[in-house]
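Below: the structure, in structure tokens.
Computed from heavy atoms alone, side chains included, the values below leave out hydrogens, waters and symmetry copies. Numbers here are sequence positions counted from 1. We count ligands from 1, going down the list as the structure has it; atoms in each ligand are counted the same way.
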Amino acid sequence: MPSRISDDVHQKQLDLYTIKELPESHAWRSSLDHDYQCNDSLESIPVIDLNDEKFAIENIGHACKTWGAFQIINHNISQRLLDNMEEAGKRLFSLPMQQKLKAARSADGIAGYGVARISSFFSKLMWSEGFTIVGSPFDHARQLWPHDYKKFCDVIEEYEKEMEKLAGRLMWLMLGSLGISKDDMKWACCGPRGECSALQLNSYPACPDPDRAMGLAAHTDSTILTILHQNNTSGLQVFKEGNGWVTVPPLSGALVINVGDLLHILSNGLYPSVLHRAVVNRTRHRLSVAYLYGPPSGVKISPLSKLVDQGHPPLYRSVTWSEYLGTKAKHFDKALSSFQLCAPRIGFANPKDRNSVQVG
Ligand SMILES: C=C1C[C@]23C[C@@]1(O)CC[C@H]2[C@@]12CCC[C@@](C)(C(=O)O1)[C@H]2[C@@H]3C(=O)O
Ligand SMILES: O=C(O)CCC(=O)C(=O)O
Ligand SMILES: [Fe+2]
């Protein structure tokens, strides 16, 4: 695993839209590096129709076990809202750099504009910029558009509201496929939970040397589940044991669902969190919006008692979301295993370091 690197370069955000040649600071590898290649010839993550709930539960269970990710269609999020969200992201990232920096994420903060938070674990920089929203985007939006922030705030508010409903529904479908009911997990049924999520807007400008660059390095999300909207440009890849890296093709109107580390813990390792990354492209700008869904802040997450017995001891100790996020921020891909109680039954362990920098 890369250890945390603390130098100045990670605080700097270059204007990637104007660079004509890949700088050494962003060159992750030689274009001949086989570890980087992706294997798209076989299969991709399942596409599940939520209109057919009975089939959906079965298919979701299978997808969570085998891929840790799937796409959904007929999810009831309107195309209008997805388009508006994409438009809001474009409007944000196309601002001049000095304007975007007015909403920069502070050194110890979570929300705002900046390089990928996981950058500090790598010696090379990623070919992307991000904007994180936790709760209301009002303060940052006002800094970005002092006279015209309402449009952005309205879209974000509607998007967060709709995503929260969808995330709750998906959580029950995913847990339902393990035989878990609302009675087994009382904490998840309580009232409004606006504070249990974050919205991450990612922008990947066209890159002059995409084979040597990295959009967003391989990681798992520290969530129960993540709902990802990608524009019509591919870039997201998921890692499947036995297959390697597999592209998730953008399907118009579909949303990508990732199993996060907290569902990995809740399911006692039955639904492993998915390792994923974003690669970049020579000609097209890519945009993605991730809705990161977690439990209410005070709730302790541990393997669900229904999934634990003498033959299946709990594999993880309990942890709150904020404790987990803190551990992830410090230890990155060692976070999950640091909560492990004993050796896992299934094949999952910390993946080999697939982000290692090989220059040459
Ligand atoms: C709720 C969160 C998950 C996240 C850290 C954060 O506090 C807000 C940003 C999230 C994100 C998005 C990109 C990938 C990721 C690993 C990162 O660096 O920032 C995730 C974080 C996470 O899941 O740990
Ligand atoms: O851009 C993508 O497809 C991936 C984004 C992502 O993994 C994230 O925001 O956590
Ligand atoms: Fe992610």
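Between Tyr324 and Phe339, the ring center distance clears the sub-6.0 Å criterion. His285 and Tyr17 have their aromatic ring centers within a separation under 6.0 angstrom.
Ion pairing between a basic and an acidic side chain is recognised when a charged N comes within 4.0 Å of a carboxylate O; Arg80 and Glu158 show such pairing. Checked for salt-bridge contact, Asp261 and Lys328 meet the test: a charged N lies under 4.0 Å from a carboxylate O. Under a 4.0 Å N-O distance rule, the pair Glu323/Arg317 qualifies as a salt bridge. Between Asp209 and Arg212, at least one side-chain nitrogen of the basic residue sits less than 4.0 Å from a carboxylate oxygen of the acidic one, meeting the salt-bridge criterion. Lys165 and Glu162 are joined by a salt bridge, as a carboxylate oxygen and a charged side-chain nitrogen come within less than 4.0 angstrom of each other. Using a 4.0 Å cut-off between a side-chain N of Lys or Arg and a carboxylate O of Asp or Glu, Asp148 and Arg91 qualify as a salt bridge.
For ligand 1, the 4.0 Å heavy-atom shell takes in Ile110, Arg117, Ile118, Thr132, Ala198, Gln200, His219, Asp221, Ser222, Leu292, Trp321, Leu325, Lys328, ordered by chain and residue number.
Between Asp52 and Asn59 there is no side-chain heavy-atom pair separated by less than 4.5 Å. Counting heavy atoms from C-beta on, the side chains of Leu225 and Met174 come closer than 4.5 Å. The shortest distance between side-chain heavy atoms of His276 and Asn258 falls below 4.5 Å.
Ligand 2 has no N or O atom lying under 3.5 Å from any N or O atom of Gln230, backbone or side chain.
Looking at His219 against ligand 2, only its side chain comes within 4.0 Å, counting heavy atoms. Neither the backbone nor the side chain of Thr226 has any atom closer than 4.0 Å to an atom of ligand 2 (non-hydrogen atoms only). Contact annotation: for Leu228 versus ligand 2, heavy atoms closer than 4.0 Å belong to the side chain alone.
Residue contact check: Gln200 has heavy atoms under 4.0 Å from atoms 9 (O) of ligand 2. Atoms of ligand 2 found under 4.0 Å from any heavy atom of His276, numbered from 1 in the order shown, are 7 (O). Heavy-atom contacts of Tyr204 reach the following atoms of ligand 2: 1 (O), 2 (C), 4 (C), 5 (C) (cutoff under 4.0 Å). Of all atoms in ligand 2, listed by their number and element, those nearer than 4.0 Å to a heavy atom of Leu216 are 5 (C), 6 (C), 7 (O), 8 (C).
Donor-acceptor pairing under 3.5 Å is recorded for the side chains of His264 and Tyr316. A donor and an acceptor atom, one from each side chain of Asn232 and Arg284, are located under 3.5 Å apart.
Among all protein heavy atoms, the one lying closest to atom 9 (O) of ligand 2 is Asn202 ND2, 2.9 Å. Among all protein heavy atoms, the one lying closest to atom 3 (O) of ligand 2 is Arg286 NH2, 2.8 Å.
Here the protein contributes His219 NE2, Asp221 OD1, His276 NE2 as N, O or S atoms under 2.8 Å from the Fe ion (ligand 3).
Geometric assessment of Lys240 against the ring of Trp67 yields a positive cation-pi assignment under the 6.0 Å and 45° thresholds.
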